[in-house]
There are 2 protein chains.
Amino acid sequence: MKKISSYKPWVETLKAFGVRLTLPRKTVLQVLADNREGLTPEEVCRLGRASHPGLGLVTVYRALELFEKLGMIRRVHSGGHCQSYSASFGDTHFVVCTRCGRVTEFPCCGLLPLFAHVRARTGYEVTGHILEITGLCPDCVKSGEN
Amino acid sequence: MKKISSYKPWVETLKAFGVRLTLPRKTVLQVLADNREGLTPEEVCRLGRASHPGLGLVTVYRALELFEKLGMIRRVHSGGHCQSYSASFGDTHFVVCTRCGRVTEFPCCGLLPLFAHVRARTGYEVTGHILEITGLCPDCVKSGEN
DNA sequence: TTTGTAACTGGAAATCTTTTTCATCTTTTA
DNA sequence: TAAAAGATGAAAAAGATTTCCAGTTACAAA
Ligand SMILES: [Mn+2]
Ligand SMILES: [Mn+2]
Ligand SMILES: [Zn+2]
Ligand SMILES: [Zn+2]
């Protein structure tokens, strides 16, 4: 009664990218399909060993990295383990330049309708949020592309 | 010409919370005021030692934890170092239950006006975003408070 | 099928990060 | 001043991640 779904929908994605469907990868995918919560590599490995005892932690790291790159899984940030900080004043969010790393703040606003929408759709009572925008800062936009 | 600002605006906050304004803490604050980018404890320590050679890494960890709790600094997630993953299908975001850890997806929508606003206000060219909502899942809402 | 080969695996070791401990020092309070 | 509470930083311990490498496996082609 814990099996929420199978990893089958992902198989096509893997084939499309020419990635081999191995036992360790199947195992990791099944773990992620069964457990709808943020899981660390360690946890995925422990859970995965129930069905594939030989599963190696290193392989789990590699599989997670691959699946994220292919857009099959996504990182969960709410756990509060990101060790990267920047000054902040007031109720704002960050825009982060993907080229030079510069961080700029902008006021948090206009999200209330979204929260209402999420509440109506998922039944969750919304209490907080993480919002971060990435892009190119004015300087990096000027100085060439990319 | 690197000194963007002083940490003075934060001093009142610290006094208000009855927290001592020590040399290590001043140093960490000045580093954060001078460098507007995501900094790891290691980086803060290295930069801080320019003005306070004896600064200890452990103290930096403690100071960052404290300042975040007081809302003076905030985590930057865009670096992609969060080792926590969850299955994801399509262009969605996560709602994460802060009580049981359950992760649910909701479709991404309604953020374009915000991106336009950010672009107008900061001059950044927006290319991506991280959005994550925290709250209580339906089950946890039912079963008691907190 | 069988085979060849690039892709993939997992243990061990190396490396990097974060937390714990503890003796000392500093500030505040009585 | 004396006592208590708060902070600090070095060292050690614990944890997390990456690198190496000798084998194994999936899969396309023969
Ligand atoms: Mn994060
Ligand atoms: Mn979105
Ligand atoms: Zn930039
Ligand atoms: Zn819950």
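Here the structure is a predicted model, which is why all the values come from computation and not from measurement. Every chain is numbered from 1 and lettered A, B, ... according to where its sequence line falls, protein lines coming before strand lines. All values below come from the heavy atoms of this structure, side chains included, with hydrogens, waters and symmetry mates left out.
The two residues B:V96 and A:S78 make their nearest non-hydrogen contact at CG2-OG, 3.9 Å. The shortest non-hydrogen separation linking A:V103 to A:S86 is CG1-OG, 3.7 Å. For A:T122 against B:F106, the heavy-atom pair with the smallest separation is CG2-CB, 4.3 Å.
Rounding to the nearest 0.5 Å gives a distance of 10.5 Å between CD of B:E37 and CG of B:L32. Atoms CG and NZ, from B:L66 and B:K69 in turn, are 6.0 Å apart once rounded to the nearest 0.5 Å. Annotation: the span from A:S6 atom OG to A:D34 atom CG amounts to 9.0 Å, rounded to 0.5 Å. Atom CG of A:L55 and atom CZ of A:R25 lie 12.0 Å apart (nearest 0.5 Å).
Scanning atom types as modelled, one donor and one acceptor separated by under 3.5 angstrom connect the side chain of B:R62 and the base of D:dG9.
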Run B:M72 and B:L14 through side-chain contact (heavy atoms from CB on, under 4.5 Å) and show every step you take. CA-CA 9 Å; B:M72 301 160 66; B:L14 291 179; 3.8 Å; yes
A:K15 and A:L21: side-chain contact (heavy atoms from CB on, under 4.5 Å), yes or no, with the steps? CA-CA 8 Å; A:K15 282 183 180 166; A:L21 192 55; 5.7 Å; no
Show the numbers, then the answer: is there a side-chain contact (heavy atoms from CB on, under 4.5 Å) between B:T104 and A:R36? CA-CA 7 Å; B:T104 303; A:R36 292 308 173 75; over 6 Å; no
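Computed from coordinates, the B:L66 CG to C:dT19 C1' distance equals 17 Å when rounded to whole Å. One can place CZ of B:R75 at 10 Å from P of C:dT18, the figure rounded to the nearest angstrom. Distance, B:E68 CD to C:dT18 P: 14 Å, rounded to whole Å. Residue A:L14 contributes atom CG, which lies 14 Å from atom C1' of C:dA7 at whole-angstrom precision. Per the geometry, CG belonging to B:L39 stands 17 Å off C1' belonging to C:dT17, to the nearest Å. Note: NE2 (B:H81) to C1' (C:dC16) measures 12 Å, nearest angstrom. Note: CZ (A:F17) to C1' (C:dA7) measures 17 Å, nearest angstrom. The distance between atom CD of A:Q83 and atom P of D:dA16, rounded to the nearest whole Å, is 13 Å.
Pairs of residues two or more places apart, or lying in two chains, that qualify as ring pair (Phe, Tyr, Trp, His ring centres under 6.0 Å) and include a residue from residues 61-85 of chain A are A:H77-B:H77. The stretch residues 10-32 of chain A participates, sequence neighbours left out, in these ring pair (Phe, Tyr, Trp, His ring centres under 6.0 Å) pairs: A:W10-B:F89.
Shown here is A:H117, whose NE2 atom has no more than 12 heavy atoms of other residues, nucleotides or ligands within 6.0 Å.
For DNA chain D, the residues of residues 19-29 of chain B within the heavy-atom distance limit of 4.0 Å (strictly under) are B:R20, B:T22, B:P24, B:R25, sorted by number. At a non-hydrogen distance threshold of 4.0 Å, B:H52 from residues 40-52 of chain B come into contact with DNA chain D.
For B:Y61, whose side chain is taken as the heavy atoms from C-beta onward, the closest listed nucleotide among C:dT18, D:dT17, C:dG10 is C:dT18. The side chain of A:V58 sits closest to C:dG10 out of D:dG9, D:dT17, C:dG10.
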Got a list of protein N/O to nucleotides 28-30 of chain D N/O distances below 3.5 Å?
none

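Rotation axes derived from the C1' atoms of the five outermost pairs at either end of the helix from C:dT1-D:dA30 to C:dA30-D:dT1 lie 40° apart, to the nearest 10°.
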